[in-house]
Amino acid sequence: MPIDLICLDADDTLWHNMRHFEEAHDAFSAMLRPFADADVARETLDACESRNLKLYGYGAKGFTLSMIETALELGGERLPSGVIADILAAGRRLLAHPVELLHGIEATLDALAERGRLVLVTKGDLLHQEAKLAASGLGDRFAGIEIVSDKTSETFARVFDRYGVAPDHAVMAGDSMRSDVLPALAAGAWAAYVPQALAWSHEAGKAPVDHPRFRQLPDLAALPDWIDAIGR
């Protein structure tokens, strides 16, 4: 069964992302040290961010707002106004960090382009994702760019319809079980999970190990060979 459409995640699939959020987490914990232990600050921030996703969506801007809310929750009236300024500076660093491609990504995209049309399917803030894509230099390699507020089975169904491909002739690859793998499978596509070390707990999910259209890969460079195997 040939694969005609190859959908790829962006953050931590094509370029580094979570390492910058980890740096922001560490900076935030240091700011809140007078008011809470690092573990408490992180747990409270994670809970706040998850709670706010439906309001702010994914990305650095929503994360910054959640840092401010968490600081006010933990510091209360004792929180110096300078901490808010420091949080905003940390948020600006998140928005301005350089885009660092994962090792071998350009060669992998070349190999994938020989096997089907490439479509980027990423979620987050539109302006920030567009800026990162432009900075990556990878934009011209894709037949389409889909920046969405969330990834659901309906999202993938719309993508497949937009590019005129049957779901079982499409594959999605990314580092999130929750956002890249499970909804793509539910939409009828193939899905490759490419885990990365710094995973956000919100993106976790149970691996469908017995699913015939699922494969966990050691890295994205293994995807062309799997696509070849699917087509045999």
Side-chain angles (χ1 to χ4, degrees), residues 7-29 31-32 41-73 83-102 105 119-139 142 144-152 154-156 158-159 172-184 194-205:
C7 300
L8 300 173
D9 176 48
D11 293 335
D12 292 309
T13 298
L14 303 182
W15 52 69
H16 291 286
N17 179 62
M18 280 302 296
R19 64 164 58 169
H20 303 291
F21 278 85
E22 285 297 310
E23 291 170 0
H25 264 293
D26 291 343
F28 179 75
S29 296
M31 295 175 206
L32 271 289
R42 179 161 193 137
E43 290 171 5
T44 307
L45 176 55
D46 286 346
C48 182
E49 188 179 10
S50 295
R51 186 171 67 245
N52 285 338
L53 282 175
K54 62 182 180 294
L55 298 174
Y56 305 144
Y58 295 85
K61 294 176 184 175
F63 181 71
T64 302
L65 289 171
S66 291
M67 283 196 289
I68 292 173
E69 182 177 334
T70 301
L72 292 170
E73 177 182 344
V83 172
I84 303 300
D86 290 341
I87 290 172
L88 290 172
R92 285 192 292 271
R93 288 194 296 272
L94 267 179
L95 290 167
H97 69 72
V99 174
E100 305 167 74
L101 299 183
L102 272 68
I105 283 300
V119 173
L120 189 71
V121 184
T122 183
K123 65 185 182 184
D125 177 78
L126 177 63
L127 180 62
H128 193 205
Q129 292 301 95
E130 286 180 337
K132 287 193 286 186
L133 179 61
S136 75
L138 301 177
F142 291 91
I145 307 296
E146 303 290 333
I147 300 175
V148 299
S149 59
D150 201 359
K151 295 177 186 176
T152 65
E154 292 79 12
T155 302
F156 284 106
R158 288 194 296 270
V159 170
M172 174 67 195
D175 68 299
S176 170
M177 189 64 66
R178 175 190 175 275
S179 296
D180 298 321
V181 171
L182 298 179
V194 187
Q196 52 93 17
L198 299 174
W200 184 24
S201 59
H202 179 76
E203 296 296 336

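None of these values were measured; they are calculated from a predicted model.
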* Close side-chain approach of K61 and L127, heavy atoms under 4.5 Å -> yes

* Asked: Is the closest side-chain heavy-atom distance between I105 and L138 below 4.5 Å?
  -> yes

* **Pairwise side-chain contact, L88 with R92, heavy-atom cut-off 4.5 Å (strictly under)** => yes

* Atom OG of S149 and atom CG of L126: how far apart are they, to the nearest 0.5 Å? -> 11.0 Å

* To do: Verify, without hydrogens or angle tests, whether K132 (side chain) and D11 (backbone) share a donor-acceptor contact under 3.5 angstrom.
  => no

* Asked: Does R42 come within less than 4.0 Å of E22, counting only side-chain N to carboxylate O?
  -> yes

* Structure fact -> For G91 and T64, the nearest pair of non-hydrogen atoms, with its separation, is CA-OG1, 3.2 Å

* Asked: What are the two closest heavy atoms between N52 and S66, and how far apart are they?
  -> ND2-OG, 3.1 Å

* To do: Hey, could you give me the NE2/CG distance between H16 and L102, rounded to the nearest 0.5 Å?
  => 4.5 Å

* Structure fact -> Closest non-hydrogen contact found for M177 with P183 is O-CD, 4.2 Å

* **Approximate separation, where rounding is to 0.5 Å, of T44 OG1 and L32 CG** => 8.5 Å

* Quick one: CD1 on I87 to CZ on F28, what's the gap to the nearest 0.5 Å? -> 5.0 Å

* Is D150 paired with R178 through a side-chain N to carboxylate O contact shorter than 4.0 Å? -> yes

* Relative to each other, are the rings of H20 and H97 parallel, tilted or perpendicular (30° and 60° limits)? -> parallel

* Asked: Does the side chain of M172 reach to within under 4.5 Å of the side chain of V181, using non-hydrogen atoms?
  -> no

* Do R19 and E100 touch side chain to side chain, with heavy atoms closer than 4.5 Å? -> yes

* Ring centroid separation H25 to F63 under 6.0 Å -> yes

* How about S176 and D9: do any of their side-chain heavy atoms sit closer than 4.5 Å? -> no

* **pair T13-V194: side-chain heavy atoms closer than 4.5 Å** => no

* Give the minimum heavy-atom separation between A41 and T70, together with the two atoms involved. => O-CG2, 4.2 Å

* To do: Heavy atoms only: give me the nearest E146-V159 pair and the separation to one decimal.
  => CG-CG2, 4.1 Å

* **Exercise: identify the closest heavy-atom pair between F142 and L120** => CD2-N, 3.4 Å

* Measuring from D86:CG to I68:CD1, what's the distance to the nearest 0.5 Å? -> 11.0 Å

* Asked: When rounded to the nearest 0.5 angstrom, what is the spacing between NE2 in H128 and CG in L95?
  -> 5.0 Å

* Any donor and acceptor pair, going by atom type alone, linking the side chain of N17 with main-chain N or O of D12 inside 3.5 Å? -> no

* **Pairwise side-chain contact, W15 with L133, heavy-atom cut-off 4.5 Å (strictly under)** => yes

